[in-house]
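Counting convention: from 1, in listed order, for ligands and their atoms alike. Please read all numbers here as calculations on a predicted model, not as lab measurements.
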Amino acid sequence: MASDSYSRPVRILITGANGQVGRELVSQAGNDGFFEIVALGRKQLDITDADAIGRVLDERQPDYVVNCAAFNRADAAERQSEHCFRLNAEAVGLLGKACASRGIPLLHLSTDYVFDGHYASGYSENDAVHPLGVYGASKWQGEELLRRVHPRHIILRVSWVFSGGGHNFLIRSLEQARQETELVAVDDRRGCPTASTDVARVLIAILKQLASGAGAWGTYHYCGAEVTTRYAFCEAIIATASQYEQLRVERLVPVSSKDFHTEAERPATSVLKCRKLLSTFGIRQRPWRNELVAVLRHLYERF
Ligand SMILES: NC(=O)c1ccc[n+]([C@@H]2O[C@H](COP(=O)([O-])OP(=O)(O)OC[C@H]3O[C@@H](n4cnc5c(N)ncnc54)[C@H](OP(=O)(O)O)[C@@H]3O)[C@@H](O)[C@H]2O)c1
């Protein structure tokens, strides 16, 4: 099926195509006749290389670009600040400029870590940002550069992304639960886990509406439904995974963030309010618990 406004499938160029969100977007959009996908991992397109960006856009002529590339490890970012800013900020500006000069809308992902987490009730798109670490600051700078150079953008802030592969809390928790009898998890930081499958679903829904003429450019929030803690998220991971394999872990111990040292400070409550996405695009939050069950089922069925 082609889109309403196009007589052919809508061509989407995806950067960072081998990451958690990139992979899932390639897979879901690639199975949807509405789209034709150009999937580029870091080797095919390094988004810090302005010449390469221009060349690829001219060769591939996408209708939309979705940037899934990022430096995503908050603790490592404290040590690799220069690299982090180059990728999460400068490169987003380069991509934004290149897309703007060719009239290509750009969809970009950002994070709850742009906030300091002091609003217990959660954050809407207009709330003031105050990143606590290098990663959040670099992502915020990337957002600002994109706003400055390219009006036809969507910035989708998401939180606590998990999937069945790559570096994320789900995979780390599973690995530890296989090796240790006791795990600790922070129980005083609140947020909303979001499956990469769910982020891809939301991006696809936005892309379809943009392709049908919705010019609703701007910044949006999305996260899985139900506020939780890292402790309760870990508990759900262990409970679900235990249905498929015998884990070594016997005890999960709640700890305060004060007693759980990390290099990067993290927001205490990084709950994203998602009303704007619902009122603009009609996209509802899905419960992360259902997504977690589906992600783990898929993970174990592969073996
Ligand atoms: N993960 C989370 O918990 C989380 C939370 C909130 C927001 N987000 C945002 O969501 C987006 C997607 O995150 P994710 O979890 O899918 O990240 P991810 O799994 O780390 O994927 C990022 C991808 O970017 C690629 N990349 C690195 N440097 C690149 C470069 N110079 N040029 C092109 N590609 C490059 C990486 O490739 P290599 O592996 O080869 O380096 C990797 O495949 C990011 O914008 C992130 O900030 C993530």
Determine all donor-acceptor pairs shorter than 3.5 Å in which one atom belongs to a side chain in residues 33-45; sequence neighbours excluded.
{"residue": "Glu36", "atom": "OE2", "partner": "Arg11", "partner atom": "NE", "Å": "3.0"}
{"residue": "Gln44", "atom": "OE1", "partner": "Gly41", "partner atom": "N", "Å": "2.6"}

* Do Tyr222 and Arg201 get their side chains close enough for a donor-acceptor pair, meaning under 3.5 Å? ->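 Arg201 and Tyr222 do have a side-chain donor-acceptor pair below 3.5 Å.
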
Contacts table for residues 86-95: side-chain donor-acceptor under 3.5 angstrom, sequence neighbours left out:
{"residue": "Asn88", "atom": "OD1", "partner": "Phe71", "partner atom": "N", "Å": "2.8"}
{"residue": "Asn88", "atom": "ND2", "partner": "Phe71", "partner atom": "O", "Å": "2.8"}
{"residue": "Asn88", "atom": "ND2", "partner": "Ser138", "partner atom": "OG", "Å": "3.0"}

* Centres of the Tyr113 and Trp140 rings: under 6.0 Å? ->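 No, they do not, as the ring centres are separated by 6.0 Å or more.
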
* Asked: Is the centre of the Phe115 ring less than 6.0 Å from the centre of the Tyr123 ring?
  -> yes

Give me the pairs of N or O atoms, one from ligand 1 and one from the protein, that sit under 3.5 Å apart.
{"residue": "ligand 1", "atom": "1 (N)", "partner": "Gln20", "partner atom": "NE2", "Å": "3.4"}
{"residue": "ligand 1", "atom": "1 (N)", "partner": "Asn72", "partner atom": "ND2", "Å": "3.1"}
{"residue": "ligand 1", "atom": "3 (O)", "partner": "Val161", "partner atom": "N", "Å": "3.0"}
{"residue": "ligand 1", "atom": "13 (O)", "partner": "Asn72", "partner atom": "ND2", "Å": "3.2"}
{"residue": "ligand 1", "atom": "15 (O)", "partner": "Gln20", "partner atom": "NE2", "Å": "2.9"}
{"residue": "ligand 1", "atom": "15 (O)", "partner": "Asn72", "partner atom": "ND2", "Å": "2.9"}
{"residue": "ligand 1", "atom": "16 (O)", "partner": "Gln20", "partner atom": "N", "Å": "3.2"}
{"residue": "ligand 1", "atom": "16 (O)", "partner": "Val21", "partner atom": "N", "Å": "2.9"}
{"residue": "ligand 1", "atom": "17 (O)", "partner": "Asn72", "partner atom": "ND2", "Å": "2.8"}
{"residue": "ligand 1", "atom": "19 (O)", "partner": "Gln20", "partner atom": "N", "Å": "2.9"}
{"residue": "ligand 1", "atom": "24 (O)", "partner": "Ala70", "partner atom": "N", "Å": "3.3"}
{"residue": "ligand 1", "atom": "31 (N)", "partner": "Asp46", "partner atom": "OD1", "Å": "2.9"}
{"residue": "ligand 1", "atom": "32 (N)", "partner": "Ile47", "partner atom": "N", "Å": "3.0"}
{"residue": "ligand 1", "atom": "40 (O)", "partner": "Arg42", "partner atom": "NE", "Å": "3.1"}
{"residue": "ligand 1", "atom": "40 (O)", "partner": "Arg42", "partner atom": "NH2", "Å": "3.0"}
{"residue": "ligand 1", "atom": "41 (O)", "partner": "Arg42", "partner atom": "NE", "Å": "3.1"}
{"residue": "ligand 1", "atom": "41 (O)", "partner": "Arg42", "partner atom": "NH2", "Å": "3.3"}
{"residue": "ligand 1", "atom": "43 (O)", "partner": "Gly19", "partner atom": "N", "Å": "3.1"}
{"residue": "ligand 1", "atom": "45 (O)", "partner": "Leu109", "partner atom": "O", "Å": "3.3"}
{"residue": "ligand 1", "atom": "45 (O)", "partner": "Lys139", "partner atom": "NZ", "Å": "2.7"}
{"residue": "ligand 1", "atom": "47 (O)", "partner": "Asn72", "partner atom": "OD1", "Å": "3.4"}
{"residue": "ligand 1", "atom": "47 (O)", "partner": "Tyr135", "partner atom": "OH", "Å": "2.7"}
{"residue": "ligand 1", "atom": "47 (O)", "partner": "Lys139", "partner atom": "NZ", "Å": "3.0"}

* To do: Quick one: which residue pairs count as a salt bridge (Lys or Arg N to Asp or Glu O under 4.0 Å) with a foot in residues 118-127, not counting sequence neighbours?
  => none

